[in-house]
Amino acid sequence: MARKNPSSKKKAAKEGFVPNIVAFACNWCSYAGADTAGTNRVQYSPNFRIIRTMCSGRVTPGFVLKAFKLGADGVLVSGCHFGDCHYIFGNYRAVEQFDKTKALVKTLGLDERRVRLEWISAAEGTRWGEIIDEFVAEITSLGPSPLNHKPKSKK
Amino acid sequence: MMDAGRHPNIEVLTNSELTHLDGRAGSFRATVRKNPRYVSEELCTGCGLCIDDCPVIVPNEFEVGMGARKAIYSPFPQAVPNTHIIDREHCLNDDFLVCNNCLNVCDRNAINFDDPGEEIRLDVGAVIVATGFDVYNASAIPSYGYGLYHNVLTNMELERLLNATGPTRGHIVRPSDHKVPRKIAFVQCVGSRGEGREAGCQYCSRFCCMNAIKDCLLVKQHESDIEELMVFYIDVRAAGKGFEEFYQRSLGMPELKYVRGRPSKIIEDPQTRDLIISVENGETGEVSKVRADLVVLSTGAVAAASNRDLAEVLGINLDENSFFEVEPRYGSPLHTAREGIYVCGCAAGPNDISDSVAQGSGAAAEAEVFTAKLPAEEEPLVKEELDISGPPRVGVFLCHCGINIAGVLDIEELKEVAKNIPDVVYVEDNLFLCSDEGQRLVQEKIVEHRLNRVVAAACTPRTHEPIFRESCDQVGLNPYLFEMVNIRDQCSWVHTKVPKIATKKARDLIGMGVARARHLQPLYRKTIPVNQSVLVIGGGVAGMCAALELEAQGMKVYLLEKEGRLGGILNNLTRVYPANLSAFELARTMVEKIKASRVEAMASTEVNSITGFVGNFDVSTTNGNFRVGAVVVATGAHIYKPQGEFGYGRFENVITNQELENILHESKDGIHVNGKTPGTVLFIQCVGSRDTEKDTGCSRFCCPTTIKQAIRLRENGVNVVVLHRDVRTVGAKAEEHYRHARELGVKFIRYTPERLPHVSGRDQRAEQVEIRELALHQTLEIDVDYVVLAAGMVPNEQSTAKLHDILKVPLGADGFFMERHAKLGPVESTTEGVFLAGCVSGPKDIADSIAQGAAAAAKVASLISHDTVALEPTTCVVDQTLCRACGRCVEICDYHAPSLVEVAPGLKAAQINQALCKGCGTCASWCPTGAIAAMHFTDEQIDSMMEALLAG
Amino acid sequence: MVPKGIKANGVLVLGGGITGIQAALDLASSRIKVYLVEKSPSLGGRMAQLDKTFPTMDCAI
């Protein structure tokens, strides 16, 4: 079954590693974009779980660190394109927060590629799928997070 | 649909007809005959036991005859009301047998065979006619063999095959052998744009082109084995916002082939049941026979058969096509000749969904003028709130969404998993949770199992959360104790081919949803007063119309116009199609009405800034400041200025439609060039429109405009040639004008973007146009006196950019403002209290702009006719005991909601203005002490989701 | 023109399809009583029969 999916899956299946990825998506653009992917039946990697926030500016470094502490292998934060934020400049705040997040992630000894900030609009269903595929592939190639000590029962 | 069934001010009378109407606008007396259902709406629960026991099987009309139903039935799964109905024509009780199965099985004694129906008398101020259309009967064209050949379907039948709840559960199969067809042919304009002795109507049905394109995309999604999709068409009429882009997208589909040509005959191969289509290719002139496994006839819209009787009851006329006649005097598509009766949607002629919706709203605005309002609602009865104390008791409800979810995910597995999550006390699944029955199930179980948190795993909260919340609210469960898990749009639809992994994902998502639900807290809406005045920006036709409607309803209206006088584009037109109204007269009438009204019109005035929020906007203009409750943006668009295309700017006799309009405007009798009538005028269509590189769509109004001008020139003896890509004469009477132009001898020649016409000349004068004639395989050289470029509509970038900054309404890729919903919210913006009307959201003609102006007025009225507006409680709040008054929140909030206040002598703390706070939660994430909580998205709630996912 | 004084309490909307429903909802939320009259046994009209709508491909119901 899994092999039918995009190229990223092949490698994952070979190594037997399926990453845990948390994706924070803002309600107005990115979450809606993920819905648009659905309406357009875009098929993409299922190896991520969305947490909806009203704005990407809501995502604190604390949330991201907590995700890694609990065993996440990657965290995506996604908001509206600049100028399209439902809250005017919330996504600019998200950038500032994300810079702090990145610094902290590095301090923890994690590869900074494990966190990513993206802008995906409500119309960009296809792009949502592409970015998820790309991010899943990248995290898969990076392997399990070194903070992730728990033995995986998940398949 | 659900909302209409639930609204306390709407009384739904189904199975009913208007039988008599007298009186006049403001005081009509109507008689409505409610035909018997034989099943009581009060008693029936829609349980379906009677349906199971009914022995009679008949074809199902809803499935256009392709499925079956019983003699007692429910029209379709999400029907409102969901009361069953008995079809007495087929019921055995009306034959010699007395069956009584349904009567015996119904526990609630809801069935009454002696139901006489009811006559209801109503006093109303206005009547809105929205009775829609009938589908053209394709068997009227014998040469297409509909009804004769097995594998010839109509587009409506295909829609049902595509539907997951339809007769084939969403599979496309040939009726003859139930095999998936490999080659499907769509035949356009069946019953529309009729020519000569062919049966059918003369007009264009407007929506069939887009519908066929949509069906092609869907068919391929449903059946990936399909090898070829052919569309036989005359013109592809993708004329509407986003339609051209949609059509262009379909061109990239390798299976899809567009063939220009109307098939003359379809015959069936009796052995294979394949179909052989005879068609002359309109581009190459080649006659060919094409084989297809399945033929879909794109049947158009015809006037409803009931129109004739209804028109008589209403005392209004039908037009030559038996649609309700629109009174042309007002330039509005909504007025009938009888005051107080308005027509909208397909009752007056074919319309697509977004235009129908805008017209529906517009008609509502017109009707409001003649109707008294109900007394302001009393404080809503404080419902007894359910006791939610104690540990969380979570109920999980799983929706199948037909096969949209259940066809991919393993519902049984999900149910088992959900049952074992801590605090989950009840789990249930349902075919359609959003149906009346599904919602009732949720309500019953909340009460029965004393649920204090509800989780629905279904589609997306963006569309369906409000329905669930309201259902919770109705039984006294605070709506913010409801959580929605998206296992359709973000799961079953996007991981369709990996059902096991998708089910695993859904398990996690449900776990996360339950975890979050356990931490949800009840929240309460607050209300703020609403200012009873309105700002309309833009004094064009849409803006003036909105202003007049609002004023007629008794509101204070400020109408701003940037230019020195009102009228907008009307000031540059001579005649307005379709009724050939004088633009000058129309503008004058509207301007005079404005002057005579209490509308405060301000010319040469611009907006400086708008601050505040729904119900309370503070407006600063170059002409004074004031406060309003709502804003209508009707700033229009610009006509594209050609950038040297086809010699524009180089040759002085290459002009635009607009410039020709000015010449026609000035010359009373035809068109003169240096005192004499020109010999040949050549139009080139789609200049600045339908450009895939620039993301420009179809401007929609230029084809009818060109034809209007062409007719005027031709009538004055000018030779007229129109070079076009597709003639897109959609809209009232436009197709008829196109036909008239051809009859007058206007020549139409098609060009493609690959082979553009070439304009040559000398001494600043264009003399000749070279065009490759596709059908004749030769290049034509046409001597011309004038070349007229049909320049499309482009956004007024300067004003949209400014208003985008001021109002925060998003712009689409095409540069026009984006509506709340392309189909269902055409005049609303994403910002509460801000509405859009006319060309500011995309190209429109005068009639559509008028309808939108009225529609925006209706939307404003529904906001402003209340003294207060409820505020979302999902805002940020400060725990002042934790606040150190650092002021970070004050710095970063773009809405100026937080401020520092003195909470005790010498002690400051932050406080957030709940009316200004939009609930983005950014301050909560910046607060160094964790004093700010983003309600409904608290740290605790988000953390719990991660814990459920990762630590579980 | 109708004298301003005469105003009955309600609007009759004929047709329970998407257009009629839209008109009814707008009126109802402006505090106007609406009688929504539909000939067939259920609301929804043609749109309820469609699978998806163009160009956004939203679910028609």
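Quick note on labels: first sequence line is chain A, next is B, and so on, each numbered from 1. Below, all heavy atoms of this structure are taken into account, side chains as well, without hydrogens, waters or symmetry copies.
Proximity to chain A is absent for every atom of B:A502, based on heavy atoms less than 4.5 angstrom apart. Heavy atoms closer than 4.5 Å to chain B are found in both the backbone and the side chain of A:Y31. Proximity to chain B is absent for every atom of A:A94, based on heavy atoms less than 4.5 angstrom apart. For chain A, the nearby parts of B:D939 are the backbone and the side chain; heavy atoms of each come within less than 4.5 Å.
Rounding to the nearest 0.5 Å gives a distance of 9.0 Å between CE of A:M54 and SG of B:C920. Taken from NZ in A:K69 to CD in B:E947, the straight-line distance is 9.0 Å, to the nearest 0.5 Å. Distance check: B:F937 CZ to A:I51 CD1 gives 11.5 Å after rounding to the nearest 0.5 Å. Atom OG1 of residue A:T60 and atom CD1 of residue B:I942 lie 7.5 Å apart, to the nearest 0.5 angstrom. We find the CG-NZ distance between A:N47 and B:K504 to be 10.0 Å, quoted to the nearest 0.5 Å.
Surrounding NZ of A:K100 are more than 12 heavy atoms belonging to other residues, nucleotides or ligands, all under 6.0 Å away. Other residues, nucleotides and ligands contribute over 12 non-hydrogen atoms within 6.0 Å of the CD atom of B:Q914. Other residues, nucleotides and ligands place more than 12 heavy atoms under 6.0 Å from the CD atom of A:E96.
Between chain A and the options B:C923, B:A934, B:C459, B:G921, the largest number of non-hydrogen pairs under 4.5 Å is found for B:G921. Between chain A and the residues B:L811, B:D943, B:L509, the largest count of heavy-atom pairs under 4.5 Å involves B:D943. Ranking A:C26, A:G62, A:A72 against chain B, the residue ahead of the rest is A:A72, based on heavy-atom pairs under 4.5 Å. Comparing B:S492, B:C893, B:P461, B:G919 by heavy-atom pairs within less than 4.5 Å of chain A, the highest count is held by B:P461.
Counting only distance, with no hydrogens or angles, the side chain of A:R93 and the backbone of B:I892 share a donor-acceptor pair below 3.5 Å. With hydrogens and angles ignored, the 3.5 Å screen pairs no side-chain donor or acceptor of B:S925 with any backbone N or O of A:V59. Between the side chain of B:Q490 and the backbone N or O of A:I50, no donor-acceptor pair lies under 3.5 Å. With B:H495 contributing its side chain and A:Q43 its backbone, the two residues share no donor-acceptor pair below 3.5 Å.
For the pair A:V22 and B:L950, the minimum side-chain heavy-atom distance is below 4.5 Å.
Residues A:P46 and B:I501 approach most closely at CG-CG2, 3.3 Å, considering heavy atoms. Of all heavy-atom pairs between A:C55 and B:T922, the closest is SG-OG1, 4.1 Å.
Taking the charged nitrogens against the carboxylate oxygens, A:R52 and B:E465 do have a contact shorter than 4.0 Å, which makes a salt bridge.
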